[in-house]
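The next block holds one structure in the form of structure tokens; read it before the comments.
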2 protein chains.
Amino acid sequence: MPSSRPLRADAQRNRDALLAAARDAFLAGEADAHVEDIARRAGVAVGTLYRHFETREALVEEVYRQEVAELCAAPSALLEQHAPDEALRQFLLLLVEHAAIGKGMAAALASIMATDSPVFVDARAQMAACLDRLLAAGSGAGTIRADVDGKTLLRAMGGVCNLRAAEGWREDATRITALLFDGLRCRADITRD
Amino acid sequence: MPSSRPLRADAQRNRDALLAAARDAFLAGEADAHVEDIARRAGVAVGTLYRHFETREALVEEVYRQEVAELCAAPSALLEQHAPDEALRQFLLLLVEHAAIGKGMAAALASIMATDSPVFVDARAQMAACLDRLLAAGSGAGTIRADVDGKTLLRAMGGVCNLRAAEGWREDATRITALLFDGLRCRADITRD
DNA sequence: GAACTATACTGAACCCGGTTCACCTTAAGG
DNA sequence: CCTTAAGGTGAACCGGGTTCAGTATAGTTC
């Protein structure tokens, strides 16, 4: 409960250092970085890590939460600069990018996703809301079909973002996104039930 | 190296029991079942488990390998009974089913997928081959576009199969599969680069 | 600016769960 | 039967996340 009382100066510094250290480790592909390592990187002892985060997983969650928040800030700008369908396409690609950044985190997150922790549920909700906004704009403009919601699309994208294998995964992701986008486009020759 | 010498009768029995116990545990959603539990279920001691499987992960891998083998037997029958595009659609849905069965295994597999272990690489190759076959049949018949390969499609499906959340995940999966399928269909109004 | 105390930090010890291995059991051939 | 190599057992080990009693310090009060 951060509302209780502002953190002491050193505590805040350490907390930030821990988050930064963890992010660095994950981005470097060290998804399984040991708590001791993360603590060392941050220049503190393990105990300090546990003062700020209930558990190792909680730390991962917090890093993830920040990452998601950053991503979810994008749609506003996109909708101002592009037509709705293009904005949607761009955001889908951003999701891919986001996955690239979190490549190392994917493994770290596996347990969280599996556990269906509230953090992940939240994140999904946020991202789905972003997509809903973009989809609504597109279907309003008549360029995107109206029978798909953000939740569904997010799940589809979730897969695309799960590519871990090396060698051209980015091209693959882009191609798949294009494929999905083809399915999303509004066309007269397809009749929905 | 199973080619060396046939297993002793009791050894074979125990090995089978272990695989069955592990499969049961995973299917029951006990993705994190402890080795001791699995061993107990199989009516043996942990040491026996380790006599048959290098490591816990190796056991998971073996269960998965069997699962994949079973799935990859499907295309032949499908192609005999349906038109190529319908066969493809059916197989995509089978993939979803496969994921449903392995719901519990997904978590167990997370590390394997992340580690890019040869088992998973193999499995991907097998499944991609299945899809290639179906895609080829479809594009031969002129009903499926020819610019998507099995590897790409598998990755797209991989995401669909990663749905863990409760509540209507199956409907979601089906809808997404339909979406992808729309993207895959051969139509005059789309020109590829 | 010294004393005070709530807050924060430290790291050795703890615990859990996968893994090992020295010792015991038994299937299968003679 | 007897032999023996294959197989089974489970207590002990070990790595890594987690705890907590002891220690340090930011911020406040006089």
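Proteins get letters first, then strands, A, B, ... in listed order; numbering begins at 1 in each.
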Worksheet entry | 4.5 Å side-chain heavy-atom contact, B:F53 and B:R15 |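 Heavy-atom side-chain distance check passes, below 4.5 Å.
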Fill in: Heavy-atom side-chain proximity of A:P6 to A:Q12 below 4.5 angstrom
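A side-chain contact under 4.5 Å is absent here.
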Rounded to the nearest angstrom, tell me the gap between atom [atom1] in [X] and atom [atom2] in [N].
| X | N | atom1 | atom2 | value |
| --- | --- | --- | --- | --- |
| B:Q12 | D:dA6 | CD | C1' | 14 Å |
| A:R13 | C:dT7 | CZ | C1' | 14 Å |
| A:R40 | C:dT10 | CZ | P | 13 Å |
| B:L59 | C:dG18 | CG | P | 11 Å |
| B:D16 | D:dG8 | CG | P | 12 Å |
| A:D10 | C:dC9 | CG | C1' | 8 Å |

Worksheet item: Taking the side chain of A:N14 as its heavy atoms from C-beta onward, which of C:dG17, D:dG8, C:dC9 lies nearest to it?
Response: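 In terms of side-chain proximity for A:N14, the closest of C:dG17, D:dG8, C:dC9 is C:dC9.
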Fill in: B:R56, nearest nucleotide to its side chain (from C:dC9, C:dT19, D:dG7)
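Between C:dC9, C:dT19, D:dG7, the one nearest the side chain of B:R56 would be C:dT19.
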Worksheet entry | A:R40/A:D37 salt bridge by N-O under 4.0 Å criterion |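 Judged by the 4.0 Å cut-off on N to carboxylate O distance, A:D37 and A:R40 do form a salt bridge.
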Discussion item. For B:E36 and B:R15, find the nucleotide of DNA chain D closest to each by heavy atoms; which residue's nucleotide sits nearer the 5' end?
Written reply: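 This one resolves to B:R15.
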Worksheet item: Between the side chain of B:D85 and the main-chain N/O of B:I144, is any donor-acceptor distance below 3.5 Å?
Response: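 Such a contact is absent between B:D85 side chain and B:I144 backbone.
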Worksheet item: For the side chain of A:R8 and the base of C:dA8, is some donor closer than 3.5 Å to an acceptor across the two?
Response: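 No such pair is found, so the answer is no.
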Worksheet item: What parts of residues 41-55 of chain A reach DNA chain C, counting only heavy atoms under 4.0 Å away?
Response: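 Those residues whose heavy atoms fall under 4.0 Å from DNA chain C, taken from residues 41-55 of chain A in numerical order, are A:V44, A:A45, A:V46, A:G47, A:T48, A:R51, A:H52.
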Item to complete: Verify the neighbour count for atom CD of A:E54: are there more than 12 heavy atoms of other residues, nucleotides or ligands below 6.0 Å?
Response: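 No, not enclosed.
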Discussion item. So for atom CD, which belongs to A:Q66, do other residues, nucleotides or ligands contribute more than 12 heavy atoms lying within a distance under 6.0 Å?
Written reply: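 Count over threshold, so yes.
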Discussion item. Below the 4.0 Å mark, does D:dG17 have OP1 or OP2 next to a side-chain nitrogen or oxygen of A:H34?
Written reply: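 For D:dG17, OP1/OP2 do have a side-chain N/O of A:H34 under 4.0 Å.
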Fill in: Taking every non-hydrogen atom, the tightest pair across A:F91 and A:L131
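Closest heavy-atom pair between A:F91 and A:L131: CD2-CD2, 3.5 Å.
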